[in-house]
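What follows is one structure encoded as structure tokens, with my remarks underneath.
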Amino acid sequence: MPELPEVEVITRELRSMFKGKRIKEVLVYAERVIRGVSKDEFVKELTGKRVIEVIRKGKAILFNVEDLWLIIHLKINGQIYISESKPPWSMIKFRFEGEKRCLYLCDFRGLVEIRLSKDPYKETFLAKMGPDALSEEFTFEYFYSKIKDSRSKIKSLIMDQGFIAGIGNIYAAESLFRAKIRPDRIAKSLSEEEAKKLYVAIKDVLQDSICYGAAVKKYFVDGKDRGDFSDKFLVYNREGQPCRICGEKIVKITLSGRGTYFCPVCQV
DNA sequence: CGGGGCTCCTGTGCGC
DNA sequence: TGCGCACAGGAGCCCC
């Protein structure tokens with residue numbers, strides 16, 4: 001669920017609601033989602049501090065709270081709810097000054113991660129992260145320089161967060177379909193022209209999804225309707241259904257242990 | 001260097 | 001109808 005577009009939509013919402021606000025209360029229901037510090041230290045470090053900015057890099061949400069950064073990774077099923085009452089599977093609650101509704105971090109699987117850092121780009125997983133797929137640093141030159149030498153399958157490569165940050169299983173499938181490239185192609189077998197098509201497709205599909213409100217409607221409950229990009233998927237989760245371009249049945253294979261969907265006619 | 005398998009968890013959906 | 005077993009959008013780790 002939460003890949004770059006979903007996390008971007010959520011981050012924008014969090015920024016508009018909580019930027020400039022002071023954290024009044026932090027309540028931890030599930031200690032194990034906190035990494036690196038104890039629960040008591042976590043609460044003590046955050047309580048009373050003001051949110052300076054809320055940004056995203058790749059699939060991570062970063063709250064700058066004065067001298068500190070709070071980093072949230074939603075993993076597979078993590079959800080953020082803005083609510084007056086406690087939703088199911090709440091792991092942590094944040095209450096802000098002058099705001100009735102609290103921020104709840106929820107996950108029925110409990111795989112979400114939250115951590116603190118003074119310098120996240122040096123101290124955390126962000127240090128190993130490649131350029132964000134929608135950032136200026138993610139240039140075609142950078143993209144192609146890696147592709148032309150890599151023996152990995154192209155889908156695995158574009159999902160490698162150390163190479164490009166933000167693409168998960170869904171948008172990997174969708175961008176490869178748009179670029180008409182099979183997911184199991186070895187990266188270095190792509191022509192420069194194919195790589196260019198894929199580069200453009202990645203930026204386009206992520207941007208389109210964000211414009212449509214991404215696929216977060218049923219996960220992010222704040223009373224607002226924001227569409228659902230999952231209606232727009234061309235191959236993801238469409239095994240056996242007709243390709244929207246040529247009518248051929250969409251095929252599902254397993255690649256690096258992940259379900260992988262493509263059109264055997266359109267994608268070469 | 002690439003990839004397979006296992007791990008953290010639990011809910012859903014499909015096939016028998 | 002009910003049960004049991006993959007499988008699930010992430011990612012770190014170990015191992016070959």
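For the numbers below, each heavy atom of this structure counts, side chains included, while hydrogens, waters and symmetry mates do not. Protein chains get the first letters and strands the later ones, always in sequence-line order, with residue 1 at the start of each.
- The side chain of A/Ile170 approaches C/dG9 more closely than any other nucleotide in the set C/dG10, B/dG2, C/dG9.
- When each of C/dA11, B/dG4, C/dG9 is scored by its nearest atom to the side-chain atoms of A/Gln161, the top-ranked nucleotide is C/dA11.
- Between A/Glu99 and A/Lys21 there is a salt bridge, since at least one side-chain N of the basic residue sits less than 4.0 Å from a carboxylate O of the acidic one.
- The residues A/Glu239 and A/Lys252 are annotated as not salt-bridged, no charged nitrogen and carboxylate oxygen being separated by less than 4.0 angstrom.
- Each of C/dG9, C/dG10, B/dG2 was ranked by its minimum atom distance to the side chain of A/Ser152; first place goes to B/dG2.
- Using a 4.0 Å cut-off between charged side-chain N and carboxylate O, A/Lys197 and A/Glu192 make no salt bridge.
- Nucleotide C/dC7 holds its P atom 13 Å from the CZ atom of A/Arg258, rounded to whole Å.
- Between the OH atom of A/Tyr261 and the C1' atom of C/dG9 there is a distance of 10 Å, given to the nearest Å.
- Contact annotation: A/His73 does not reach the phosphate of C/dG10 (side-chain N/O to OP1 or OP2, under 4.0 Å).
- Using Watson-Crick or G-U wobble geometry with both donor-acceptor distances under 3.5 Å, B/dG3 finds its partner in C/dC15.
- C/dG9 is unpaired under the criterion used here, namely a Watson-Crick or G-U wobble arrangement in which both key atom distances are under 3.5 Å.
- Salt bridge status for A/Glu113 with A/Arg35: present, with a side-chain N to carboxylate O gap under 4.0 Å.
- One can place CZ of A/Arg238 at 18 Å from C1' of C/dG9, the figure rounded to the nearest angstrom.
- The same atom, P, is picked in C/dC7 and in B/dG4; the two are 15 Å apart, to the nearest Å.
- Salt-bridge formation is not detected for the pair A/Arg15/A/Glu13: no Lys NZ or Arg NE/NH1/NH2 atom is positioned less than 4.0 Å from an Asp or Glu carboxylate oxygen.
- In this structure, CG of A/Asp107 is placed 8 Å from C1' of B/dC9, rounded to the nearest angstrom.
- At the phosphate of C/dG9, OP1 or OP2 sits under 4.0 Å from a side-chain N or O atom of A/Tyr236.
- Contact annotation for A/Glu113: no contact, since no heavy-atom pair falls under 4.0 Å across all strands.
- Taking side-chain N and O atoms only, A/Lys59 has a distance below 4.0 Å to OP1 or OP2 of C/dA11.
- Whole-Å rounding puts the A/Leu157 CG to B/dG3 C1' distance at 13 Å.
- When the C1' atom of C/dG10 is taken as reference, atom CZ of A/Phe108 falls 13 Å away, rounded to whole Å.
- A salt bridge is defined here as a Lys NZ or Arg NE, NH1 or NH2 lying under 4.0 Å from an Asp or Glu carboxylate O, and A/Arg12 with A/Glu8 meets this definition.
- Residue A/Gly168 is classed as a sugar-phosphate contact, given heavy-atom separations below 4.0 Å to backbone atoms only.
- Straight-line distance between the C1' atoms of C/dA6 and B/dG5: roughly 16 Å, to the nearest whole Å.
- For A/Ile76, whose side chain is taken as the heavy atoms from C-beta onward, the closest listed nucleotide among C/dG9, B/dG3, B/dC9 is C/dG9.
- Rounded to whole Å, the P atom of C/dG9 lies 15 Å from the corresponding atom of B/dC14.
- Residue A/Ser256 has its side chain nearest to B/dG4 when only C/dC13, B/dC9, B/dG4 are considered.
- Considering only side-chain N and O atoms, A/Ser150 lies nowhere under 4.0 angstrom from the phosphate OP1 or OP2 of B/dC1.
- For A/Arg185 and B/dG2, the CZ to C1' distance is 18 Å, given to the nearest whole Å.
- For A/Asn237 and C/dG9, the CG to P distance is 9 Å, given to the nearest whole Å.
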